[in-house]
Amino acid sequence: MGKIRYFIALWASKCAYVLLRLLKRNATMFPGRVALIICPDYLNRTRKSPNVLCVTGTNGKTTTTNMVADILSNSGMRVVSNRYGSNINTGVATALTHSVNVFGKPKIDALVLEVDERFSRLILPFIKPDYLICTNLFRDSIKRNAHPEYIFSILDTYVPKSTKLILNADCLQSSQLLKDNERVYFGIDKLDTDVTECINLINDFSVCPVCNEKLSYNYLRYHHIGNAYCPKCGFKSFEADYRLTKIDYENNCITVLNKGIEATYPMVNRALYNIYNELAAITLMSEFGVDADKVKEYMAKISVTQTRYNETRAGRTEVIRTMAKGQNSVSCSRTLDFVGNSEKGARTVFIMIDDLFERKDSSEFIGWIYDADFEFLNTEDVKQIVLAGPRCFDYKLRLLIAGVPEDRILCQEDEFKAVDMMDKDIDKLYLLHDTSTYDLARQVEEKIKTVFAAAHGVKEGEDK
Amino acid sequence: MKIEVLYPEICCLFGDKANMRYFQLCLPDAEFITTPVSEQPRFLTEDVDMVYFGSCSESNQEKIISRLKGYENRIKELIDKGVVFLMTGNSFEIMGNYIEKTDGEKIEALGIMDFYAKRTIPKRYNSLFLGKFGDMDIVGYTSRFSHTYDVKDGDKFITVKKGFGSFAESKNEGVRRNNLFGTYLLGPFLIQNPDFTAYLLSLLGVEKPQLAFEEDIRKAYSIRLEEFNRDIVFE
């Protein structure tokens, strides 16, 4: 009966996919939902491809998964992946539907899956990955993920014992996972920009888990990411097997050392958190047996997905639209650090990172903004901060508490009115948006282009 | 004036740090002490005017209980003297008789107040919150893996208008004993409730309390209050 039910689920799922595509819909989750409703153990019953590689963690899952899938595809393997972030059980089920033919036989060489860490208990025991990357663990959405220890406990309980782990040696929160599983660690050697004391508001792993003493750092990047040790009992970060020994920003490449052999790879993106993602992918590919030259070849072609970062011009103003994930204080802090500190020169920051769905019929919990490092915007180079959306007054208060002078803050609920009101005599504008306000941000960006072009006396689309 | 912030490295989960950061702006002349979990609280041996704890993970709750076990009488003494205790998120649960885990195991708590807490992991309870304390409208947000039961009439804190109380259907939220206030409302509770913040300042002996950024904090509060009084989704 179970087998019959499975095949009905498989065929229904395939039909659902075809139908949705005919209707020009994305079809990343619904086919999987159909399958799971008909056959609740669909994930378990589906025959898996010869190789199953998964990526989980708080930040960097999508970027890392896409890198891995791209590399394998370009190496000639037939790959199915749940791209575009459908990383819960229904999205994984949809990917499984694509991975087998109508007889349930795997028709691919590798299944590459992004797995939501909270949903891992519904996915990983049934998918039984050969390899699992855990990029990092930080605090995230309070409603869904509670706190990092809770997510750690889920992964520690539900990842199969047979799965080989690829772990971040510089993240004490995640590197402690599943001590009995086979694993390798990746990490970045000390950088000139590293510090030894945390300058961020959040450090989710600052206390020794053995003796409660405050941890010290040989080097610290941001939040709890770095190489730590306990001055009292000797507890310390794991040693990295794959060590990134050099970041060459001038030549856009990184050097990775493993078992005494160095290899240089093109740098996919300059932001440190994306360098970690690339290093995680390189580590997995090496462990999986993909030739390093092949990996280098494909890294040269990969770019970080366009939804996250885009540059354009509005009159004579350079506009950089970038995602700053709302409800995720660490991810947002990384973006604020980049926006506030990455270079010299006057800039305006336009912030619209409240949750679009919650503004419709509810109200958003704004506690997370007090964990995000808005202090990075309190610099002389940030001349103006435009706050838009229904939570703009909460953000204003946050910036005042961060020490930002009030005369640099413009607060307007209506995003489009905010564009009209803001100072247009600026060289650079960062437009920060949430995942949910992506489409709205694009509309605001269009308005900025129109309004700024007019203000600068140029035709829209022309540089001055 | 001396204010002790206990274990901020582990009691700071959901923007809770903002409470004392803001309070410091309202009391620029007060001495704020932060006590890490590796040290004994200063209030055990010194006079303090206020103690603050924020939200913590469930395992850290147990750690804190073990750190404070044996000092219950001192804590009761301080509460009776009128020292202000503010405990946001799940931190106040340590003051009850026990915390019951999901598997039924009971963790003995400090027994300073007569109630108990019960964990609901993995079920998480999230809601906006609107309530009343005296004449004050209290707004906030709760997100937790536990409920509190059997809070006695004299120990109740906030009356619920909308959202989850001490347990989902409860008409009361949090605990209060003299100047001890414990609430599941988490994050920047003081920033979101300027009237309550002013009230706390008055309890600390501040005449005519002045709030930092008062115009902006009250504007954000009035917008939120108006929003919460509308027919919006709370859970």
Side-chain angles (χ1 to χ4, degrees), chain A residues 118 121 139 141-154 157 198 201-209 211-215 230 232 329 357-372 390-403 406 409 411 413, chain B residues 7-10 12-19 21-22 24-25 36-39 55-60 63 67 88-89 121-122 124-128 139-145 185-189 191-192 212-213 216-224 227-228 230-235:
Chain A
R118 194 169 66 98
R121 64 186 176 89
R139 62 181 68 184
S141 158
I142 172 184
K143 275 203 296 194
R144 290 177 358 100
N145 290 23
H147 48 74
E149 276 187 37
Y150 173 61
I151 299 301
F152 179 93
S153 70
I154 294 175
T157 304
C198 184
L201 289 169
I202 297 306
N203 181 332
D204 284 328
F205 206 103
S206 63
V207 172
C208 177
C211 72
N212 292 325
E213 190 70 13
K214 184 183 169 192
L215 288 172
C230 176
K232 192 172 170 188
S329 49
F357 305 114
E358 298 228 274
R359 66 160 84 171
K360 284 180 186 155
D361 56 6
S362 186
S363 183
E364 186 182 334
F365 169 63
I366 52 90
W368 71 272
I369 71 176
Y370 287 93
D371 284 343
R391 301 270 68 91
C392 63
F393 297 101
D394 291 306
Y395 282 94
K396 182 184 176 189
L397 197 47
R398 176 67 184 94
L399 287 173
L400 291 172
I401 291 172
E406 189 167 4
I409 303 171
C411 198
E413 285 181 75
Chain B
Y7 314 141
E9 72 277 42
I10 59 171
C12 60
L13 276 184
F14 305 121
D16 294 50
K17 269 187 184 177
N19 290 306
R21 188 170 175 193
Y22 178 71
Q24 202 160 7
L25 293 172
V37 70
S38 57
E39 292 176 15
S55 314
C56 55
S57 68
E58 287 68 32
S59 66
N60 280 330
K63 191 181 285 188
R67 299 290 289 156
T88 56
I121 299 172
R124 192 152 182 86
Y125 287 84
N126 305 301
S127 85
L128 304 175
V139 295
Y141 191 86
T142 187
S143 180
R144 71 220 199 202
F145 281 132
L185 301 185
L186 40 71
F189 175 72
I191 294 172
Q192 291 188 294
F213 308 116
D216 296 286
I217 200 174
R218 289 199 177 278
K219 177 152 191 169
Y221 170 69
S222 66
I223 290 171
R224 181 165 280 104
E227 207 172 18
F228 281 26
R230 278 192 263 127
D231 188 20
I232 62 172
V233 174
F234 261 58
E235 295 163 30

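Chain A is the first sequence line, chain B the second, and so forth, proteins listed ahead of strands; every chain is numbered from 1. Just the heavy atoms: all of them, side chains too, but no hydrogens, waters or symmetry mates, feed the values below.
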Shortest non-hydrogen contact between B:Phe14 and A:Phe365, atoms and distance: O-CZ, 3.5 Å

Heavy-atom closest pair, residues B:Leu13 and A:Arg139: O-NH1, 2.8 Å

Atom pair CZ/CG of B:Arg230 and A:Asp361 - distance to nearest 0.5 Å: 11.0 Å

B:Ile121 CD1 to A:Ser153 OG distance, which is reported to the nearest 0.5 Å: 7.0 Å

is_close_aromatic(B:Phe145, A:Tyr150), centroid dist under 6.0 Å: yes

Heavy-atom pair with the smallest gap, counting every atom of A:Asp371 and B:Gly15: OD2-N, 3.1 Å

A:Glu213 portion near chain B, given a 4.5 angstrom heavy-atom threshold: both

Residue selection (most heavy-atom pairs with chain B, distance under 4.5 Å) from A:Asp204, A:Ile154, A:Ile366: A:Ile366

Proximal component of B:Glu39, with respect to chain A [non-hydrogen, under 4.5 Å]: neither

Contacting region of A:Leu201 [heavy-atom separation from chain B under 4.5 Å]: both

Which atoms of A:Arg398 approach chain B - backbone, side chain, both or neither, heavy atom under 4.5 Å: side chain

Heavy-atom pair with the smallest gap, counting every atom of A:Asn212 and B:Val37: O-CG1, 3.8 Å

Winner by heavy-atom pair count (cut-off under 4.5 Å) against chain A, out of B:Arg67, B:Arg124, B:Lys63, B:Glu9: B:Arg124

A:Val207 vs B:Asn60, side chain to side chain contact (heavy atoms under 4.5 Å, CB included): CA-CA, chis, key distance, verdict: CA-CA 11 Å; A:Val207 172; B:Asn60 280 330; over 6 Å; no

A:Arg144 CZ: over 12 foreign heavy atoms closer than 6.0 Å: yes

pair A:Asp394-B:Arg224: side-chain heavy atoms closer than 4.5 Å: yes

Which portion of A:Leu400 sits near chain B, non-hydrogen atoms under 4.5 angstrom: both

Taking every non-hydrogen atom, the tightest pair across B:Pro188 and A:Gly367: CD-CA, 3.4 Å

Side-chain touch A:Lys214/B:Pro36, heavy atoms, less than 4.5 angstrom: no

Nearest-0.5 Å distance that lies between atom OG in A:Ser363 and atom CD1 in B:Ile223: 10.5 Å

Most contacts with chain A, counted as non-hydrogen pairs under 4.5 angstrom, among B:Gly187, B:Gly140, B:Cys12: B:Cys12

Side chain to side chain, B:Ser59 and A:His147, heavy atoms closer than 4.5 Å: no

Sub-4.5 Å side-chain heavy-atom contact between B:Tyr22 and A:Tyr370: no

Contacting region of A:Lys143 [heavy-atom separation from chain B under 4.5 Å]: both

Region of A:Arg391 in contact with chain B, defined by heavy-atom distances below 4.5 Å: side chain

Region of A:Glu358 in contact with chain B, defined by heavy-atom distances below 4.5 Å: neither

Segment of B:Tyr221 engaging chain A (4.5 angstrom heavy-atom cut-off): neither

Minimum side-chain heavy-atom gap A:Ile202-B:Lys17 below 4.5 Å: no

Close side-chain approach of A:Ile401 and B:Ile191, heavy atoms under 4.5 Å: yes

Residue part contacting chain A, namely of B:Ile217, when any heavy atom lies under 4.5 Å: both

Choice from B:Pro122, B:Ser57, B:Ala220 maximising heavy atom contacts with chain A below 4.5 Å: B:Ser57

